[in-house]
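Beneath this line is the structure, given in structure tokens, with notes to follow.
Sequence lines set the chain letters: A, B, ... in the order given, protein chains first and strands last, and positions in each chain run from 1.
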Amino acid sequence: MSEMIQKKNFKRIGRYLYEIPKSFRADMKAPARFYSSPTFLERLVEERALEQLVNTATMEGVYRYVMAMPDIHEGYGFPIGGVVAVDKNTGLISPGGVGYDINCGVRLLKTGITEEELAPKKRELLEEIFNTVPAGLRGKSPVRVSLEELDKFLEGGAVYAAERGFGTRNDLERIEENGRLKTADTRRVSDRAKKRGKDQLGTLGSGNHFLEFQKAVKIFDKDAAEKLRIRLDEVFVMIHTGSRGLGHQVASDYIEIMREAMKKYNIKVPDPELVSAPFTSKEGQGYFKAMSAAANFAWANRQIIMEMTRRAFNKILGIPKEQVFLIYDVAHNIAKVEGNLVVHRKGATRAFGPGNPNIPQFYRDIGQPVIIPGSMGTSSFLMLGTKKAEEETFGSTAHGAGRVLSRHKAKREVRGEELRKELEREGIAIFSRSNVGLAEEAPIAYKNIEEVVNITAETGIAKKVVQLKPIGVVKG
DNA sequence: ATGTGC
């Protein structure tokens, strides 16, 4: 393995854009680009993330350049915040390019009520959600499914969840891919993965996953906000979760399968974590089809959680279910076939611009909604995709704050109980059974979300619409 | 991220 990448190894090619040339290492097949700022660079050159990015540039079939978003940090094989596009006929697909939490993503709901209207019932409502949407590692599902029915969720994603009574057809066009990848094949998902996922539909999980009440505190784009029917002080619900144990097991399974397959295909990689297989190979297709099934599981998961949220709003506040309205749902850990490419987005959000036929008609003139969750206690943002993102980043932008402290370090440096009190003092109601879990997600463990968002906005790979501040948190 | 790691 090579030495650490230093500042002299890359050049600034735009205000917030840097490039490590192909000549940097003999095995690179394309340059490596990353969006960053002088402040972020200080930390970045000290960690392994850039070296991981360079490693991805050695992959067969890599197209134009590999890329990292400003929230880049170290991940398994690929950096989190990485975007790697490969030719679908000649390129490799890698589980590390998607991550362990397949189709981790975010959805944003509009409630139509203001913070003031919510205030008297806020805690009661959060408690109702806390009791009906399990959070944490061992949370059991509110949905009882057989292994046979689980296959229907894996095939149908949010579409099947809606048919099963969790939400309506109206929700589906507000989800990336309409909440279902048709490339799913349940036969490529191991029994072990199914067993792990069976009782986890409709559960939040742990780590940085959450359900938050947020209020709109700042509008950057009045016209777009109006089209999205977003008002200042309105309350929103943001749901951030993924495919739980099922996706994790799919990732683990195919990392093993591909480790073996690499010998057969004579694939050499600079880091063993960069396991991969030709996209067109049996193993590559196996992974893609299993990953698609796990992605569908995640969409069904968010769909069910949304419906439980609607039921809670209805029960506690008497609000009609259709008033709790889905704005959009994005995937930020996924590989997609787009045109002639397989685009790995790992900790990166699709950000298609105005006019793109893949975004619903009613958003087509403004661009695809992009949801950027902040870390606990900090702001989140609603943005829009752009034409420039389609031209420069294979239609991608950042996904969130990005860690700067490992979970381990955060745990050592933060006392969960203190943090809980501090957030409550700031008016954020915290519903979590784990103080350690809170400490791991402390704001100091993450990059400044506002700077991440500003970099993407300034470079034009996303456009700011609304800033949201948390007023209540449910997490593991 | 994850029935938390060796």
Side-chain angles (χ1 to χ4, degrees), chain A residues 49 52 71-82 94-106 134-141 147 150 189-211 239-256 272-273 275 287 290-291 293-295 297-299 301-302 305 330-335 344-349 373 375-376 399-412 416 432-442 445-447 474-476:
Chain A
Q52 291 188 318
D71 45 344
I72 179 177
H73 58 111
E74 191 179 331
Y76 181 85
F78 287 51
I80 294 159
S94 172
V98 171
Y100 275 96
D101 190 5
I102 294 166
N103 191 6
C104 182
V106 204
L137 276 176
R138 289 172 305 168
K140 277 288 165 78
S141 171
L147 278 171
L150 179 65
V189 178
S190 68
D191 290 344
R192 194 173 172 196
K194 290 178 187 176
K195 212 170 162 187
R196 277 180 73 175
K198 194 174 103 51
D199 297 320
Q200 294 184 323
L201 276 164
T203 67
L204 267 177
S206 61
N208 65 358
H209 290 165
F210 62 70
L211 183 151
I239 298 164
H240 179 199
T241 185
S243 51
R244 310 285 283 101
L246 185 135
H248 189 274
Q249 192 60 45
V250 166
S252 306
D253 289 342
Y254 281 89
I255 284 167
E256 276 310 311
E273 290 185 357
V275 279
Y287 171 69
M291 183 219 70
F297 181 92
W299 273 316
N301 192 26
R302 292 196 287 276
I305 293 171
V330 295
H332 58 219
N333 279 7
I334 201 162
H344 299 79
R345 292 194 186 92
K346 182 194 197 173
T349 311
S375 52
M376 187 178 52
H399 88 302
R403 268 193 181 276
V404 290
L405 288 187
S406 66
R407 292 181 189 288
H408 188 69
K409 277 187 184 161
K411 251 190 302 211
R412 251 188 349 219
S432 169
R433 287 182 185 92
S434 163
N435 281 335
V436 175
L438 290 180
E440 287 182 353
E441 298 305 315
Y446 284 87
K447 287 186 177 138
V474 173
K475 66 190 283 71

ask   = Relative to each other, are the rings of A:His344 and A:Phe78 parallel, tilted or perpendicular (30° and 60° limits)?
value = tilted
request  = Please work out if A:Gly245 contacts a base, only the sugar-phosphate, or nothing of the nucleic acid, heavy-atom cut-off 4.0 Å.
outcome  = sugar-phosphate
query = Using a cut-off of 4.0 Å on non-hydrogen atoms, how would the nucleic acid contact of A:Glu440 be classed: base, sugar-phosphate, or nothing?
reply = nothing
request  = Would you classify A:Glu74 as touching base, sugar-phosphate or nothing, given that sugar-phosphate means primed atoms plus P, OP1 and OP2, and contacts are heavy atoms under 4.0 Å?
outcome  = nothing
query = With a 4.0 Å cut-off, would you call A:Lys409 and A:Glu440 a salt bridge?
reply = no
ask   = If we only count heavy atoms from C-beta on, is the A:Phe210 to A:Ser432 side-chain gap below 4.5 Å?
value = no
key: Sugar-phosphate only, base, or nothing, as touched by A:Gly242 at under 4.0 Å among non-hydrogen atoms   = nothing
Between C1' of B:dT2 and CG of A:Asn103, the distance in whole Å = 16 Å
remark   = A:Tyr76 OH to B:dG5 P, in whole Å, measures 13 Å
ask   = Any side-chain N or O of A:Arg244 less than 4.0 Å from the OP1 or OP2 oxygen of B:dT2?
value = yes
ask   = Whole-Å distance between B:dT4 P and A:Asp101 CG?
value = 16 Å
query = Taking CD from A:Gln249 and C1' from B:dT4, how many angstroms apart are they, rounded to a whole number?
reply = 14 Å
task = Name the nucleic acid region contacted by A:Gly205, choosing base, sugar-phosphate or nothing; use a 4.0 angstrom heavy-atom cut-off, strictly under.
result = sugar-phosphate
ask   = Starting at CG of A:Asp253 and ending at P of B:dT2, how long is that distance when rounded to a whole Å?
value = 16 Å
query = Looking at A:Glu74 and A:Arg403, does any basic side-chain N land under 4.0 Å from a carboxylate oxygen?
reply = no
request  = Using atom types as modelled and distance alone, determine if a side-chain donor or acceptor of A:Lys475 lies under 3.5 Å from a backbone N or O of A:Met376.
outcome  = no
Rounded distance (Å) that lies between atom P of B:dT2 and atom CG of A:Leu246 = 12 Å
query = How would you label the contact of A:Arg403 with the nucleic acid (heavy atoms, under 4.0 Å): base, sugar-phosphate, or nothing?
reply = nothing
Value in whole Å for how far the P atom of B:dT2 lies from NE2 of A:His408 = 20 Å
note = Between NZ of A:Lys475 and C1' of B:dT2 the distance, given in whole Å, is 14 Å
Short side-chain N/O contact to B:dT2 OP1/OP2 from A:Ser206, under 4.0 Å = yes
